[in-house]
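Working notes, beginning with the structure itself.
So that the names make sense, note that chain A is the first sequence line, chain B the second, and so on, each numbered from 1. The figures that follow rest on heavy atoms only: side chains count, while hydrogens, waters and symmetry mates do not.
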There are 2 protein chains.
Amino acid sequence: MPIDPPAATPRHRTPPEHAALAEVTLEAALAALADPVRLTLIREVASAQEWERSCGSFDVPVRKAALSHHFAVLRAAGLIEQRDAGPRRFNRLRRAEFDARFPGLLDAVLRAQDVEV
Amino acid sequence: MPIDPPAATPRHRTPPEHAALAEVTLEAALAALADPVRLTLIREVASAQEWERSCGSFDVPVRKAALSHHFAVLRAAGLIEQRDAGPRRFNRLRRAEFDARFPGLLDAVLRAQDVEV
DNA sequence: TTGAGTGTATGGCAACCATCGAACACTTAT
DNA sequence: ATAAGTGTTCGATGGTTGCCATACACTCAA
């Protein structure tokens, strides 16, 4: 593996990669949603403005390394898009695109009520 | 645990237990659907008559022990109901009940098209 | 330049899950 | 009684996953 030459101009963080929805399988989409932490993330980002929430602004009981992993899974499933702004990474739900790929799935998940205890 | 007394009349196999839909969590439902073998089972049982397909009649690339496990997961997720008839165990999709618990979810999953290769 | 803030990458670990072979239980037919 | 067919349970195994701590990379402000 070649070594990067020192950058003459200040390097920028490599922007996150996003999945093409056409290549997301149903199984991957369901697996991404079948996790309590990721479900919380999706619900919160769904109920916020686009690009409003940065990755660290979510109240989930995991450390930031695990959180970063969960966001990578959500990106790979085509569920969220991320954009860097300064030191933070902001999120939006890819609702229209995901709906086009899996019609009704995201709505059904977001509408589902949890059981009363 | 008490020992069963010898049965005077011929004993019957204990019928399968089915989940109460109210107690099925969204996470459990999604996890049950996020497996290729189980997805195949659900699709095939959905496109057949009720009580038409016995457990062994599905064309999935696993042995019967794993198959039995997958059916247990689908039962626990409230997705299928099973009934014994002779030596076989027949299946039906609990479509109406599952729809009432998670409106639109099963339809979205069954409507989802797989990616063309 | 230094430091604080934010997020990612890596390595390790524990828990979970899908699978199998084997043994078992039950039903039906011979 | 025997045998064939169907399905479950058990124990073991290998792979995956979720998590953490640590180290690193980048941005911005002081």
Which distance, rounded to the nearest 0.5 Å, do you find between the CZ of A:Arg89 and the CZ of A:Arg75?
-> 6.0 Å
Can you tell me the distance, in whole Å, between the CG atom of B:Leu74 and the P atom of C:dA18?
-> 11 Å
If you find the nucleotide of DNA chain C closest to B:His69 and the one closest to B:Ala65, which residue's nucleotide is nearer the 5' end?
-> B:His69
Round to a whole Å and report the spacing from CZ of B:Phe71 to P of C:dT19.
-> 13 Å
Please round to the nearest 0.5 Å and tell me the distance separating atom CD of B:Glu52 and atom OG of B:Ser47.
-> 8.5 Å
Could you check which of C:dT19, D:dC28, C:dG7 has an atom nearest any side-chain atom of A:Cys55?
-> C:dG7
Between CZ of B:Phe90 and P of C:dC26 the distance, given in whole Å, is 20 Å
5' priority, DNA chain D, between A:Ala85 and A:Ala34 [closest heavy atom] | A:Ala34
Rounding to a whole Å, what distance do you find between B:Leu67:CG and C:dG21:P?
-> 14 Å
Side chain of B:Arg63: nearest nucleotide among D:dT8, C:dC20, D:dA21?
-> C:dC20
Figure out the NZ/C1' separation between B:Lys64 and C:dA18, and round it to whole Å.
-> 18 Å
Calculate, to the nearest 0.5 Å, the distance between atoms CG and CG belonging to A:Leu93 and A:Leu79 respectively.
-> 6.5 Å
Tell me, yes or no, whether the heavy-atom count around B:Arg63 atom CZ, taken from other residues, nucleotides or ligands under 6.0 Å, exceeds 12.
-> no
Separation of A:Glu27 atom CD from C:dA18 atom P, in whole Å?
-> 10 Å
Check whether any side-chain N or O of B:Ser54 sits under 4.0 Å from OP1 or OP2 of D:dG7, and answer yes or no.
-> yes
Taken to the nearest whole Å, CZ/B:Arg88 to C1'/D:dA4 is 12 Å
Would one find a side-chain N or O of A:Ser68 under 4.0 angstrom from OP1 or OP2 of C:dA9?
-> no
Candidates C:dT8, D:dG5, C:dT19 - which lies nearest the side chain of B:Pro87 | D:dG5
Heavy-atom donor-acceptor pair, A:Asp84 side chain to A:Pro15 backbone, under 3.5 Å = no
Of the nucleotides D:dG7, C:dA18, D:dG18, which one has an atom closest to the side chain of A:Arg38?
-> D:dG18
Is the distance from OP1 or OP2 of D:dT6 to the nearest side-chain N or O of B:Arg89 less than 4.0 Å?
-> no
Atom-to-atom span, CG of B:Leu39 to C1' of C:dA18 - whole angstrom = 16 Å
Report the nucleotide, chosen from C:dG7, C:dA18, D:dT6, that has the shortest atom-to-atom distance to any side-chain atom of B:His70.
-> C:dA18
